[in-house]
Colleague: 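Right, I'll just put the structure down here and ask away after.
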Amino acid sequence: MELPKTYTPKAIEEKWYQYWLDQNFFSSVPDDREPYTIVIPPPNVTGVLHMGHMLNNTIQDVLIRRARMLGKNACWVPGTDHASIATEAKVVNLLDSQGIKKQDLSRDEFLKHAFAWKEKYGGIILEQLKKLGASCDWNRTAFTMDEGYYQDVVKVFVNLYNKGYIYRGMRLVNWDPVAKTAVSDEEVIFSQVNSKMCYVKYAMEDGNGYLTVATVRPETIMGDVAIAVHPDDERYKALVGKQVIVPIVNRKVPIITDSGIDITFGTGCLKVTPAHDMVDYEIGIKNKLPIIDVINDDGTIAPAAQAFVGLDRFVARKKAIAQLQADGLLEKLEDYSHQVGKSERTDAVIEPKLSMQWFLKMKEISEPALNAVVNGEINLIPQKFFNTYKYWMENVRDWCLSRQLWWGHRIPAWYDANGNFVVALTHEAAITAYKEKFSDLYNDAIVLKQDEDVLDTWASSWLWPISVFDGISKPDNAEINYYYPTNDLVTAPEILFFWVARMIMAGKEYRKAIPFKNVYLTGIVRDKQGRKMSKSLGNSPDPLVLIEKYGADGVRVGMLLSSPAGNDLLFDESLCEQGRNFSNKIWNAFRLVKGWETDTTATTPPAALQAIEWFKHKFSEQLNIINEHYEKYRMSDALMASYKLVWDDFCANYLEIVKPAFVDGKPLPVSSEVLAATSRYFEDILKVLHPWMPFITEELWHNLSARKERDCIIVAEWPQMPAADHLLLQDFENAFALINQIRNARNAKGISPKQALKVAHVQSARFLDVTKATIMKLANVSELIQSQMPPELSAAIVIGGSDFYISFGDQLDLLAEVSRIKEEILYNQGFLKAVQSKLANERFVQHAKPEVVAVERKKEADTISKIKSLEQTLVQLKH
RNA sequence: GGGAGCAUAGCUCAGCUGGUUCAGAGCAUCUGCCUUACAAGCAGAGGGUCACAGGUUCGAAUCCUGUUGCUCCCACCA
């Protein structure tokens, strides 16, 4: 059958992915092999595959496939994250578009819609990963809101509560008034905004003038409970302890001091509004000031404000300015540009707001997680993230666990009508606990209501590496004991603290063991202008379109060619093109071999014998290098080394040497020895390529020879080679250098490669013993002999310390040749001078290591002899 | 404001503890080739004061200091 000239991936990818699934090659169960485990960073159920996922998951698949070939029990656990706030926002939007308002639904009704949404869209991203070739154990697909997972999350909550790590309290949190929920610090995005700075006069209570306070938030004036100045501020020292009158509401508040005040900012006076500002809150607590909450959950002004009640905070801001102006209390307005926090999910301006929330004390629980990284138990790759990790962990703040949402794990706390609460796994357990804790309040008619809030998403995903193996509920089960700790985690640096650090905490707390040994942090995929690829910018190509265009293998190679760990990847489609071209190269190498006829009686030509011996060692040498790159997680280096091994060493050199000559327009048959060696080598390079390019390698594996059922490259053994013979490799380096020079000389003189040349050498050249036939074949040399004298009309080159003369007859341009050699002599003389002056430097000879000096001496000797021989050549040419 | 990192060929990046093979790779570019595996290819070639200025050293892309320019993280000023 005639094979197409180019590789066509689509049908092949579908065929083999299905075959792998049918054969269960991805699935893993504990056995006596060494496990190799990766848990996928679960993408949000709302997600569709983007370039970041492509990069991330390709790396994981490469690691998993190689581990599988190394004979390990490779287990890659896939799944999705319920992503409470992101998903709830999507569902709310969808319902909105159908004219359904969330507040008109009961919690159960809403959750029904949400689960329906998850069923419909939640699996899309995993299906997309299959197109990439991801060899996940799909039987293990997990979801952070699976029933078992829910049990684990709740158990952990109760347990942490009982340990005294979780507490409930009023705290100032980042409040999203659109989603009506608290969001974590990490979910607040700061951006530069232009506002008005209002200079507001606060009249002194004693009638002696006023203080001017600068604020961008006049709508919170009604919540002011003090004015703070710096204790050393001479302007106000005399006023401290006196009272001022808060505008609009005419409340008397004290003037206090706080060393945190910046004397140079504004007027040096800060209006203290503890309910609506982080700094003010701290000051309020320190000074035992009252807290007046003037803003409602939805961002409107609360009754406590006594003014502008019910108005949106931004409307109230305008009204407040107008009223201050009318009252003559507005000194001036200035344009002011500053950072304002917005909700990552809803883009609403974050309102610092006091509310009752659940918190996890981080101090104790984070310490083992800090130590695990500090003492090297866990490696961060690359290392540069170590410092940021350390800094963050040393300054960790308590984690606000609660979110005012419905989609998520509902907090397992139960309240009586008076707000007394117990924390328990179930309603029944809550009643029992209540009976114990509040025996005096308990009666049979007691009604306990569960907390309305759900947990922060990360409070479930931090259990991911444990819960996917059911390690919380059944802490001693066979799976968790076998697969945990997992080996490598591949994720984005953005979630190092959100997720990675917290998984380490959970691992240390609940397994007394780290969750993974290595954390490989990928870069961010950016476009050519360096912008992060995002849906909103529309600068991200659709990965599935890329796969369609370049093949999954091509895209995988393209993604990884230029992505060292932790460095951003400036994505360019030309990388995928390079990947596709590489697929094609492999395909055509196969076409060549496939087309060979074999003759069992044919003898193997000397050049082919040499090549067979050479490639064995070349492969061994390169395999070693590739393995080392893998050990160091240098993925793009490992790929590039594989690429060059295949393209340069196997295709350009090995195959060109063993390729049969043509006689009468037909290729000669190859010997069975050549065919066997070539097939073996081809299998080996396919194996090396498989983790990067799973599809084409599987296809060719089967095309190369008839295979039994389940004899697949995906489960083939990673090659093992004896140590390479470096002397032999060096001989071939010399040979290839000579070939290159001959081709170069031919090229420069415009002589066709078809015209055979004669080459002679005067001194003996040992490397020719094992490479002569190869040189003659690749450089199209008809005669390579040792002669007494350099032949006439020849160009001289020096390789491996020997002179070679290429006879060009009358095609040699004598004058050009003479000037070329003169130039070379000049260069070498300059070089010699440098070396000799170095050696003449006594301090160099004294201080430098002896071997370094020896090297210089050798350089000197070599250069002298080189110049000598060049001069001889020159004399020959001239006569 | 605090901290970390980066700066090497047109582009993306390697260069481990200073010294053969230290100035490299891939891509792009240029020249010549449709040579019966592959033009998505073959054979060659040209590209760099290693950001700048000092210092240590016999010797610096590599170590130290400063300058400039980027990037990221953390904290955010009413």
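Labels below follow one simple rule: chain letters A, B, ... track the order of the sequence lines, proteins then strands, and each chain is numbered from 1.
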Colleague: To the nearest Å, give me how far apart NZ (A:Lys390) and C1' (B:C74) are.
Modeller: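 After rounding, the reported distance stands at 15 Å.
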
Colleague: Between A:Glu351 and A:Arg217, is there a salt bridge with N-O shorter than 4.0 Å?
Modeller: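 Counted as a salt bridge, because a side-chain N and a carboxylate O are separated by less than 4.0 Å.
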
Colleague: Closest approach to the side chain of A:Arg397, judged atom by atom: which nucleotide of B:A37, B:G19, B:C76 is it?
Modeller: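 Between B:A37, B:G19, B:C76, the one nearest the side chain of A:Arg397 would be B:C76.
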
Colleague: Please classify B:G59 as syn or anti, treating any glycosidic angle within 90° of 0 as syn.
Modeller: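 Chi for B:G59 falls in the anti range.
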
Colleague: Measure centre to centre between the rings of A:Phe650 and A:Phe682, then say whether the value is under 6.0 Å.
Modeller: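 Yes, the ring centres sit under 6.0 Å apart.
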
Colleague: Report yes or no: do A:Asp224 and A:Thr273 form a side-chain donor-acceptor pair below 3.5 Å?
Modeller: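 Judged by distance alone, the side chains do pair up.
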
Colleague: So, does A:Arg743 get its side chain near the phosphate of B:G44, meaning an N or O under 4.0 Å from OP1 or OP2?
Modeller: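 Yes, within the criterion.
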
Colleague: Using Watson-Crick or G-U wobble geometry with both distances below 3.5 Å, tell me the partner of B:G44, or none.
Modeller: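 With both distances under 3.5 Å, B:G44 matches B:C30.
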
Colleague: Specify the separation, in whole Å, of atom CE of A:Met559 and atom P of B:U12.
Modeller: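 One finds 16 Å between P of B:U12 and CE of A:Met559, rounded.
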
Colleague: Please determine whether a side-chain nitrogen or oxygen atom of A:Tyr550 lies at a distance below 4.0 Å from atom OP1 or OP2 of B:A40.
Modeller: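 No, A:Tyr550 has no side-chain N/O under 4.0 Å of OP1/OP2 on B:A40.
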
Colleague: Starting from the C-alpha separation in whole Å, work towards a yes-or-no answer on side chain to side chain contact (heavy atoms under 4.5 Å, CB included) for A:Asp731 and A:Phe736.
Modeller: CA-CA 9 Å; A:Asp731 288 342; A:Phe736 290 131; over 6 Å; no

Colleague: Specify the separation, in whole Å, of atom CG of A:Asn387 and atom P of B:C6.
Modeller: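 To the nearest whole Å, that distance equals 11 Å.
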
Colleague: Nearest to the side chain of A:Arg526, which nucleotide is it out of B:U36, B:C72, B:C38?
Modeller: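 Out of B:U36, B:C72, B:C38, the nucleotide with an atom closest to A:Arg526's side chain is B:C72.
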
Colleague: Could you tell me whether A:Arg502 sits above the aromatic face of A:Trp399, with NZ or CZ closer than 6.0 angstrom to the six-membered ring centre and within 45 degrees of the axis?
Modeller: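 Yes, cation above the ring, under 6.0 Å and within 45°.
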
Colleague: Taking only side-chain nitrogens and oxygens of A:Lys384, does any of them come within less than 4.0 Å of OP1 or OP2 of B:A4?
Modeller: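 The answer is no; no side-chain N or O of A:Lys384 sits under 4.0 Å from OP1 or OP2.
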
Colleague: In whole Å, what is the span from the CD atom of A:Glu856 to the P atom of B:G19?
Modeller: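 For the pair A:Glu856 CD and B:G19 P, the rounded distance is 12 Å.
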
Colleague: For B:A75 and B:G2, measure between their P atoms and round to the nearest Å.
Modeller: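 Each nucleotide's P atom is 16 Å from the other's.
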
Colleague: State which of B:G26, B:C73, B:A14 makes the closest approach to the side chain of A:Phe497.
Modeller: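 Within the option list, the nearest is B:C73.
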
Colleague: Which nucleotide, B:C27, B:A14, B:U12, lies nearest any side-chain atom of A:Arg634?
Modeller: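 Among B:C27, B:A14, B:U12, the one nearest the side chain of A:Arg634 is B:A14.
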
Colleague: A:Tyr643 has an atom OH; how far is it from atom C1' of B:U12, in whole Å?
Modeller: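 One finds 14 Å between C1' of B:U12 and OH of A:Tyr643, rounded.
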
Colleague: So what does A:Asn395 touch, heavy atoms closer than 4.0 Å: a base, only the sugar-phosphate, or nothing?
Modeller: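 No contact at all - A:Asn395 keeps every heavy atom at 4.0 Å or more from the nucleic acid.
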
Colleague: B:U20 and B:A40: how far apart are their C1' atoms, nearest whole angstrom?
Modeller: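 So the two C1' atoms sit 40 Å from each other.
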
Colleague: Distance under 6.0 Å and angle within 45° of the ring axis: does A:Lys618 meet both against A:Tyr654?
Modeller: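 No, A:Lys618 and A:Tyr654 do not form such a contact.
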
Colleague: For B:U49, is chi within 90° of 0 (syn) or not (anti)?
Modeller: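 Here B:U49 takes the syn form, which means its glycosidic angle is within 90° of 0.
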
Colleague: With a cut-off of less than 4.0 Å, is there a side-chain N or O of A:Lys5 near OP1 or OP2 of B:A39?
Modeller: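 Answer yes for this pair, as a side-chain N or O of A:Lys5 is under 4.0 Å from OP1 or OP2.
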
Colleague: Compare the minimum distances between each of B:A78, B:C27, B:A37 and the side chain of A:Met197, then state the nucleotide with the smallest one.
Modeller: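 Within the option list, the nearest is B:A78.
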
Colleague: Round to a whole Å and report the spacing from CZ of A:Phe385 to P of B:C6.
Modeller: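 In whole Å, B:C6 P lies 12 Å from A:Phe385 CZ.
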
Colleague: With sugar-phosphate meaning primed atoms plus P, OP1 and OP2, does A:Phe265 contact a base, only sugar-phosphate, or nothing at under 4.0 Å between heavy atoms?
Modeller: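 The residue A:Phe265 makes base contact.
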
Colleague: Counting only Watson-Crick pairs (N1-N3 plus N6-O4 or O6-N4) and G-U wobbles (N1-O2, O6-N3), all under 3.5 Å, who is the partner of B:A53?
Modeller: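 WC or wobble partner is B:U65.
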
Colleague: Can you tell which of B:G26, B:A45, B:C58 lies closest to the side chain of A:Asn744?
Modeller: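 So the nucleotide nearest the side chain must be B:A45.
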
Colleague: Could you check how far NZ of A:Lys849 sits from P of B:U57, rounded to whole Å?
Modeller: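 For the pair A:Lys849 NZ and B:U57 P, the rounded distance is 18 Å.
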
Colleague: Please give, in whole Å, the distance from B:C38 C1' to A:Phe650 CZ?
Modeller: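 For the pair A:Phe650 CZ and B:C38 C1', the rounded distance is 14 Å.
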
Colleague: Verify the contact: side-chain N or O of A:Trp392 to OP1 or OP2 of B:G2, cut-off strictly under 4.0 Å; return yes or no.
Modeller: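 So the side chain of A:Trp392 is outside the cut-off, no N or O lying under 4.0 Å from OP1 or OP2 of B:G2.
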
